[in-house]
Structure formats: structure tokens, C-alpha cells
Amino acid sequence: MNIIKNLYNWIDERVKLEDLVNFLGKKYVPVHRNSVWYYFGGVSLFFFIIQVVTGILLLFYYKGSADLAFESIQFIMSKVQFGWLIRSIHSWAANLFILAAFIHMFSVYFEKSYRKPREITWVTGMLMFFLALGFGFSGYLLPWNELAFFATKVGTDIAGAVPLIGETLKIFLRGGEEVTGATLSRLFGFHVALLPGIFTALLTIHLLLVQRQGMSEPLRVEALKQSEKKTMPFFPNFLLRDLLLWLLILNVLAILAVFFPSELGRKADLFASAPAGIKPEWYFLFMFQTLKYIPAHLLIFEGEVVGILLFMVAGVLWLLVPFWDTKSSKGQQNRLINYLGLFAVIFIIVLTILGWIA
Amino acid sequence: MNNSSSSQKQNNRRDFLKYLLTGGLLGFASAVIYPLIAYLKPPKQREVEVSSVKVGKLSEIEKNSGRIIRFGNKPVILVRTAAGDLRAFSATCTHLDCTVQFKSDQSILWCACHNGKYDLNGRNISGPPPRPLDSFRVVIQGEEVLISKNV
Amino acid sequence: MKSFLSFLLLISFFGIYSNASATEDQCFVCHESIGGAEVELYKKDIHFKKGISCSGCHGGDSTSEDMETAMSKADGFIGVPKGANVSKVCTKCHSNAQIMIKQYNSALPWNQEALLAQSVHGNLSVSGKEQIVSCTTCHNTHGIVNVKDPSSPVYPVNLPKTCAKCHSDAKYMRTYNPALPVDQLDKYRTSKHGILNAKGDPKVAECTSCHGSHEIRSSKDVKSKVYAINLPKTCSTCHSNSNYMQGYNIPSDQFDKYSGSVHGKLLLEKNDFNAPACNDCHGNHSATPPGIESISKVCGTCHALNAELFSSSPHKKAFDQKRLPECETCHGDHAIITATDKLLGVQNGAVCKWCHGDKPESKAFQTAKFMRELRDSLVNEEENALLLINDAEQKGIEISDVKFKLRDAKQALFESRTMVHSFDQSKFSETIDKGLNVTTSVTQDMSNAIDDYYFRRWGLGVSSLIITILAMSLFFYIKRIEKS
């Protein structure tokens, strides 16, 4: 114990750790019946850390070219010790990351924690969420198997239907007219360099703001008198609870990786015909399914284009919610927000299920 | 007395918890670090794709002989002609995937399954094979003979 | 009365016509008086009978008695046509539908010139000035008669000799195609076709039946009637026509059987030239069914190992004594289908049973049974090994080594199919054992690897335990902090 204390003193002497500890010590987490949702931000963060670590590890053996991508994953899965574990964790954590981010986002939304003064936190969070979807999309192609190949084809086709910029966007994403080895190198670049770079910058802002502004209280808790509010120190109480949860999640990941290792399927064949029932990853399923339900033509517009435009408008509105929900910022109840959110949740769940069983 | 014994007990429990926590942390760290180190340890096969294979010393390869060499997942046959030339072909018969062999008395590559014959340029000259054997490149580096893909 | 009148009219018309033509063809009148083989031949010529004068080919004025006028070059007299002009003289009418139909009411096709030009014979001759073959090469010059006339050089019975004029002349053929054999006529005379042809049967196949007449192309030309893919169809034009084949006492279902056979499917559907067409077993010019003893030699040109093994097996002698056709007895002839394991053994549908089925204690019966069982075991073992490998692959286990090993089992499977034809237990089991050794070692490797895979769960159990302990102690630690 003395060694640790000495080391602490040594660093403290130079960096003035005391300020930091004091700052953390003064930081309190509100305790109320909805406190459990506070954990999901941390959980998302943990998944992101896992992704960074396992992703870096995978980079040691992965080769991002059409002739070697599939084989290199096969190599990782069979020849590299614990390669199966690293890849399976990366793949499971990717899905759980997006799930955790979904929950985190909706909990923040329903508590209206985005209201003044936390607009920037919300916007950076939303941008990170979009990036996470980008991570999922770009990472899905990297094993270069049949399923991924066709899902990417369909996905970029949908991007191509966006009015005005669609065609350009499609060619930009594909690195050419078709999904080829060029697409793979491109998405590989996005996945391991471009997206992580932007994500890290956003994450830094996001976390700094959370520390700076503290945890948001729900409107009804905010309205309580100071004496009636219950709190818990962030350090060490809340942080330790966070760690405990992360530990359990890590164990869950290990169990999933051992019992349900991610499969590889068959290598993509550029000239093969698409197998039946190509579906995107589950988090794109609700959008994919909605586009299927929209009739081919709505008046003079193409159905798909209308659908994509609607999703884009909804996305922008969602991103900018702190700026048009002025009521919440003034501390008033805004039921419209709740109804909209409820609609979004039900819509996403129902269409995901429909897409899943289709 | 009572007080001190209860605080004693508490102290014991606290110590035990500390040991448990430290032990758990150490165990956890090793459970995480061990797979990581094993993962980073270079695997037996260094790379995904085999691009070339070492066969051996030139002086050890007899004239008018052939041998099968494993090239990734596929067999390759290295032939040294009576004149001393080295040639390498895919040893998979183009008919039904049997492995061909060198017949020194006839100077041909021969498939035992259906009597397919190839000349020493890999051309199918008799029997059921529909196409010639793919050829591989033979590189001689000093004394060492290497086989690599024909690009 | 009326009909009588018209008959009279007709007679008088003919009389006048023939009379007139006779008086008018001054070339013929004069040349007949001089005498000469041409004139005598021309009297029999179909063109003469149709009233065509010498000038029809040679030009000039056939109405003039004056030699100067009749053979005036200014009036178009060409004398004896030379080189490329020979055929031109013929095609003047024969390629002109107007003349052929309206003037002579002929049913002859008028595209012979065009066909000849596209054929091998339409190439330029060594002189470079004319086609290799002109009309007169085959049809004669002055004595041209209908092809159905037995005196015609292109009458079926005469035709082989006509073609052989050039094609059996080694010196001549060397100037065009030194690699082409010149023994076709000799071979043909040994074939069923050639023998009957020599006896005067115009119905049997001669050169043009298979090669075409004016349109003869090289056998390597995809449009040739004897190009490998087209050949079965060509043979079938006669051999599948049961009316035509009446009187020859042979079936007419060979083509149908062949089309459904392994050979026919390969050649006709997959266009695999390695597969035999009719001629590969029967011979082309010397076409005849292979003899009973020579079947294995004929099949053996491709299925060499099988034939060799069969010939040195005890079956060879037995088959010869019983006059059984070798390969054919078990595999069939035109309708050969892919041989499967069903053929081997003593169960229903196995061919061994046909001869050996009624003596279960005999060595042959036991051998057949044994070979089938052995082969089944290797097939099963190989399948099992593959299943294990696939299972392992899904679990992320390294399988390239064993897959490489398993190639040898597959090879043993192939070799054992051939080895059956030795009908020798020990040779057969030697081959099978090679494969079984491989499958055993592969199966062993794979089960070890799969055991290793399940060992992962032990690792997981241990680390889960560690994590649980850590999590619990952390939990109590938090509790204690919050209490104080």
C-alpha cells in the first residue's frame, strides 16, 4: 500500500492531483427512481473502449483487401490463439454498443436532459450515435462474406436513392459504380481511421461537458427543495458501481463469445446472384422494413425517395430537439415530446420485429 | 471489551475483503492479459496467404524426378527434367481433383485415377483431363529453390 | 375427241420442236460428222436431252453453218473453258433460279456454287487461279447424267471411287493436306457401309452421306457434319430412321440411347470433346461394331486402367469363352450411364449378381460382397470425416491441414472404382486401406480439435469465477463505503 501512496504523492507533487480529487469528490449524482438510466452512458462508453481495444488487436492480423480479407479473418478465427475470442467479442460488443446507445439516447430524451444548458451534450451524443451506425455499416463489410457483400450492396443502393446527392454519395461510398474491392478498402479506412478519429473528438467534448455540468436532474426532481434531494458521490460510489457493472458486462461478453462465436459464412463472390432474404443488421432493420412498406409511387414521387427523405427529416428534428422544445428548457412539462418519443420507440420496435420475422 | 472485539472482527473482515479484492483484481488482470499476450504471439503460420514455399537445396533435387510440395491448401508438383530444368505445376488433376505424379520412365505427369497424362509443360496429352495444369514459378535463390505463384 | 385432238397437237409440237432444234444445232451436226468422244458422250448427257447446244457451254452461234461465224470469238465463242471458267459455265444456269425453274422446270437447288465456295474444295488450288474442285471434277464433262443414274460418277455406288481419285492419291493430297490420310477408301471397303456399297446398295452411307456433297467442310469446322458434336446427329439421319433401316436387321434407337448416356450427355450437352461420338467406338471410315474380344480395347483407348485390369483378370478368359462382350456386359453399350456403387456387390441391382448371385458360398460371390462392403465403409468414413471437418470449421478450428490430408482419401475412392476391375480382393483392399488410413487419422485429428474447442468453456468457467469473486468483493466494498 505504501508504494501506491508514494506513487500518488510523487505524481500529486507534480500534477496537483488534489484539485482533481476535490473536483470529483464534490461531484454528486442525483438519486431518484430513474437513476438506473444514468448507467447506460457509462455502459456505452465501456463498449466503445472494448471496441477500440479489440479493434486494434484485430488490426494486427486483418488484411483489408478483397482477395485476403475473408482469408485473414479465417486465419484470425483458426490460427491465431484466442483470435476467435477477440473477433467474437468485437462483433458482440458492436451490437450491444448500439443497443446501449439506443437506450441511453431514449432515456435522455424522455427525461428531457437535453434541455438548456445541455444542448451541446445532446448534439455531440446524437452525432456519435450516427457515427456508431456508420461503424456498424462499414464494419459489416470487412469480413467480405456473401451476406455482408449483398447487405452493403443494398445499403449503398438505398443511399443512392437520396435526392440530388444520392448518386454521388453512392459512388463515394462504393469507391466506384459497384461494390468491389475498392469499396472494401474504403469502408475499412472509414472504420478504423476516419470514424474513430471524429468519434474520439466528439466523445471528449461529450465527457468533458458531463463532468463540467454534472448529471442532469429530471424536471420533477429539479423542482424539489434542496433538502429533499438525494444524491450519491460520483467518486468513488458511482464510479465503483459503474466498474462493477462493466465487469459483469465483460463476463456476459465472454459467455456470448464462447457459446455463440461469430460465424464467417462464405466468401463474397462478385458475380454470384444474391441469396434470398438479405437483411441488414438489426439496427437498420426498421428503416429497411419501412422502405419496403412504402408503395413504389406516391403521387409523382418515388416511394423509396419519400421514405428516405422522411427519415432524414425525422433524424434532423431529433438531432435538433433541444432547440425547438423550448418548453422543457423553461422547466415546463412538454407532453408532445413524450408522445413523439413513445411513437418513435413503438415504431422502431414494431418494425424491427416485422423485419425480423419477414 | 465487547466493543473492541466487534471492531476486531470488523477489522478482520475488512482485511479479508481487501485480500479478496486484491486477489480478484490480480486474477482478473491475468485472465485478461493472458489471452492478449497469446493473441499477439506470432502464430505458427505467419501470414494468411502462401505466396512462396521453400523446397530445399538445388543439389538435393535429383534429375529426372518429381516431388509433391504442399502450397497452402494445394499440392504442387516440382519436376526436375532429365536435362536439369526445374518446373512446377499444380498437382491437382484437372479432371477430378486427384493428385498427379511424375513418371520418370515416360517423362510425363500421370494421374493414377483415370490415367490422365500431361507432358512436362503441363499440357494434357492423353486421357480425360480437359485442360492443362496451372503452372507455378520456380525461383532459385543461391542454392535454395522456391516455388511461387505465377502472377 | 377433244383429248385426241390435243394429243395430236402435242405430238406435232414435239415433232416440230425436236426437229427444229436438231436442224438448228449446227455445232452438234458438224462435230458429229467429224466424230469424237465428246459428241458420243454428249448424246447421253442430260443437258443434250434438255436441248442445250454445245454453244450453251462453249459459246458461239449454234445456228450458223459457217464455221467462221459459229466459232467467232467476237460472238462469244470461248472454246474449251479453262480454270475458273469451267465452273462459271455451269453456274451461269445452275445458280440462276429464273433459268432453272422457269426455263427447265428443274427441282435442283441453285445454291451449289455458293456451298462449294464455302467448302474445303472451294479454296484456291495450288495454281492460285481456280478452286481446288470444279463442277466437272466430280460430275464429268460431256456425259453428265442424273445422280440417280447408275452410270453417274456421283451415283452412290460410284461415288467412293470418284472421291478416291484425289483422296487416295498420296502425291496429289500431299500438295494440299499432307497430314490427311489417303486410306479412307480402303478403310471404307472394310466397313459395313463399304461392303454393302460395293455390292451395289445405293442406300448405305458413302462419302457424301456423312461429309455432305457440295458443302464438304473440314472435320474441325464447327459447321461440318462430322464435327464431333454434330456427328451423332449425322449418323442418326439414317440410323434412327426405322423405315430407312428396314431390311438391315439392326435397331434404330442407338441415337436416343446414346443421347441419354454418360457419353452422349457429355458430348451433346456439355460439348466435352473428350467424350466419344459414334466414330470413336465404331471407327469412322471403317465403321463397324467392335468385336466381342476387342470391346475392352476400344473402351480402353480412354478407360485405359480399367481395360488393363480387366484384361489381366480372371474375367477375361471367362468372358471370351462364354462369348460375352467385355465392358458391355455390365455397363451396356449405347445407353451407358455413370457407373455407381450400385453395380458392385450382390444386392438387387448389382451386376455381379447376374452370374454369381445363385452361389453364395462361391469365392466370386464373397469377393463381390466384400468389395462392396469395403467401398461402402470408405465412402461412409470419408463422409463422416467431411462432416466433422465442416463442424470444426464452423467452430473456427484450423482445418486446412486435414482438408489437405483428406484429398488422399478422395483419391483412394477414385482409384478403388478402377480397382474393382481387377476383381481381386487383396488389390482392392490395398487401395481402400490407403483411404481408410487417411480417414481414420483425419477423424482422430478432428475429434481432438473439437474436444479442444469444448475446452474453451473450461477457460470461460475459470475466468467467470474470477470475475464473480471480484464483482462480489467489489459489491461488498461499495456497500461498506456507503455505510460509512
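In the text below, chain A, chain B and the rest are named by the order of the sequence lines, each starting its count at 1.
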**OP:** With a 4.5 angstrom heavy-atom cut-off, could you sort out which part of A:Arg241 is near chain C: side chain, backbone, both or neither?
**Re:** both
**OP:** Could you tell me whether A:Lys267 atom NZ has more than 12 heavy atoms of other residues or ligands within 6.0 Å of it?
**Re:** yes
**OP:** Using a cut-off of 6.0 Å, state whether more than 12 heavy atoms not belonging to A:Trp282 lie near its atom CH2.
**Re:** yes
Original post:
Roughly how far, to the nearest 0.5 Å, is the CD atom of C:Glu482 from the CG atom of A:Leu240?
Top reply: 9.0 Å
Original post:
Which residue pairs pass the ring-ring contact (aromatic ring centres under 6.0 Å, His included) test when at least one of the two sits in residues 239-262 of chain A, sequence neighbours left out?
Top reply: A:Phe46-A:Trp246
Subject >> Residue A:Met215 excluded, over 12 heavy atoms near CE under 6.0 Å >> reply: yes
Original post:
If you look at every heavy atom in A:Pro236 and C:Ile481, which pair is closest and at what distance?
Top reply: CG-CD1, 4.1 Å
Subject >> side-chain contact (heavy atoms from CB on, under 4.5 Å) partners of A:Lys225, counting only residues at least two apart >> reply: A:Ser227, A:Glu228
Original post:
About how many Å separate OG1 of C:Thr468 and CG of A:Asn251, when rounded to the nearest 0.5 Å?
Top reply: 5.5 Å
Original post:
Can you find a pair of side-chain heavy atoms, one from C:Ile478 and one from A:Asn237, that are under 4.5 Å apart?
Top reply: no
Original post:
For A:Pro233, is it the side chain, the backbone, both, or neither that has a heavy atom closer than 4.5 Å to a heavy atom of chain C?
Top reply: neither
**OP:** Heavy-atom distances under 4.5 Å only: say whether A:Ile255 touches chain C with side chain, backbone, both or neither.
**Re:** both
**OP:** May I ask you to check whether over 12 heavy atoms, not counting those of C:Tyr477, lie within 6.0 Å of atom OH?
**Re:** no
Subject >> From CD1 (C:Ile467) to CD1 (A:Ile249), nearest 0.5 Å >> reply: 11.5 Å
